Structure formats: structure tokens, C-alpha cells
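A short write-up of the structure that comes next.
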Amino acid sequence: GDSVTQMEGPVTLSEEAFLTINCTYTATGYPSLFWYVQYPGEGLQLLLKATKADDKGSNKGFEATYRKETTSFHLEKGSVQVSDSAVYFCALSLGAAGNKLTFGGGTRVLVKP
Amino acid sequence: SAVISQKPSRDICQRGTSLTIQCQVDSQVTMMFWYRQQPGQSLTLIATANQGSEATYESGFVIDKFPISRPNLTFSTLTVSNMSPEDSSIYLCSVVPSRGMNTEAFFGQGTRLTVV
């Protein structure tokens, strides 16, 4: 079946450090790929997305590129802030499957000042 | 976009009882889903709420335990029946306004359920 694997956390960084969270997927078709973020005490919200190979999603300084050849969608940010402390979820959806999301396990990121 | 109101936001319930969670959307949406997030874990899809017909359940989830209603395109309920401590989780309503590849799912704030 479809699945998403992302690196386990927690990831602890200093402010202004470079962040990478690895995400790979297995899917029977051609999925759309998403990164969702859950800030402390808040609901889940979309961070960025990409719907086809080589697309780059970007938002709030975060970027991720849809790599079909490596079935990956790694999340990166060049200089993190304390406010980026959150849990990040990689997810996929297949339109043919009714747009339901399959999530990775989540990666907790803690940025220290 | 879609704004989702989910009630209650949290509850503490006795084992053996049932709790109904409501999800109200500010606009008509095509797809509605219910997810569970167990403590410290990721989100798992419980079921797709179908308007006017029975919900479609994922493997490991059954209608007797998680009955779902969706009477129209803006409202759904999830009931957690005959609760046990293992049902302690955050339950989230999610909507997708329209079908297709270039779509975004929106989530409610979740219902934090503790079963004692």
C-alpha cells in the first residue's frame, strides 16, 4: 500500500542553523505531496505542497522538491528561527483515492535561541 | 479555503460511554474525513464521511465502534462508542473542498479525548 517514511526526531537545532527533514514515499500512482506543520497547541496546517515531479513547493522560507526518481520530498530551510519549533508531517494523497492523506510519522523540531 | 469548527475541543469520559464529535464547515465541501492521532504518533485515517450514505472505513476501523454521519455538505459527526482508555487520542476532522490533484486538505483544531 501507499506509505510515507520520514526521519525520526526530535531534531534540536540552534537558531539560524540549516534544517533538513527527509521524507520518502511509496505510492501506487502519481501522488501529490505535502508538508503539514503542527505548532504547539495549534491545529494541523499546510506548509507547502507539490503536485508533480520536479515541482518545488515553498512557504515561510521552507522548500521541498518533488523527486520522482528518488521518491522523495525532503523539507529544507536555510536559517531556522525559534518560531519554527513544531512537529512536521510529510504526507501524500492520490486523487484517484479520493484525496485522503497518508501521513509519515512526524518529526519534532526544537530550535533553541 | 475552508474554516472548520470542531466540538468539543476536549473531553474526559468514563470508560464504557460514548462521545459524539461535531465538525461544521463554513462552506460546502466535497470530501470530509476523520483522523485519529494517538499520543506521540502520526495521523491515521479512520474513515471518509460520505454525504447521504454510509461512511467508508479504513482497515482496522469499524462502523459499530466509530459511527459517522454526514447529512449534508457542511456537517459531519463522529461517535466514539463504548470507550476504553486505548481510545484516548486527538480526533481530527478534515475537509477537501474539491476533488482532483491540486487540492489542499484543511483540518479542524481537533478534539482531545481522554478516557478514564
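Small disclaimer: the values here were computed from a predicted structure and weren't measured. Just so it is clear: chains get the letters A, B, ... in the order the sequence lines come, proteins before strands, and each one is counted from 1.
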- Task: Give a yes or no on whether a salt bridge exists between E63(A) and K56(A), defined as a side-chain N under 4.0 angstrom from a carboxylate O.
- Result: yes

- Note on the structure: By residue number, those in residues 83-90 of chain A with heavy atoms under 4.5 Å from heavy atoms of chain B are F89(A)

- So, do L113(B) and V115(B) sit near enough that their side-chain heavy atoms are less than 4.5 Å apart? yes

- Give a yes or no on whether the backbone of F106(B) and the side-chain of S94(B) come within a donor-acceptor separation of less than 3.5 Å. yes

- Message: At a 4.5 Å cut-off on heavy atoms, which part of Q38(A) comes close to chain B: side chain, backbone, both, or neither?
- Response: side chain

- Message: Are the side chains of F33(B) and L92(B) in contact, using a 4.5 Å heavy-atom criterion?
- Response: no

- Item | Pairs satisfying side-chain hydrogen bond (donor to acceptor under 3.5 Å, both in side chains), at least one member in residues 14-23 of chain B, at least two apart | T20(B)-T79(B)

- Query: Are the side chains of Q24(B) and T74(B) in touch, meaning some heavy atoms are under 4.5 Å apart?
  - Reply: yes

- Query: Looking only at heavy atoms, what is the nearest atom pair of S93(A) and L101(A), with distance?
  - Reply: CB-CD2, 3.9 Å

- If one checks every heavy atom of Q37(B) against chain A at 4.5 Å, the contacting part turns out to be side chain

- Message: Is the shortest side-chain heavy-atom distance between C23(B) and T77(B) below 4.5 Å?
- Response: no

- Query: What residues, two or more places apart in sequence or in another chain, satisfy side-chain contact (heavy atoms from CB on, under 4.5 Å) together with A50(A)?
  - Reply: D55(A), Y66(A), F73(A)

- same_hphob_cluster(V25(B), L46(A)) at 4.5 Å side-chain heavy-atom cutoff: no

- Regarding T114(B) and D11(B), is there a side-chain donor-to-acceptor distance under 3.5 Å anywhere? no

- Query: Which bit of L45(B) is near chain A, if near means a heavy-atom gap under 4.5 Å: side chain, backbone, both or neither?
  - Reply: side chain

- Message: So if I take each residue of residues 102-113 of chain A and look for any heavy atom under 4.5 Å from a heavy atom in chain B, which residues do I end up with?
- Response: F103(A), G104(A), G105(A)

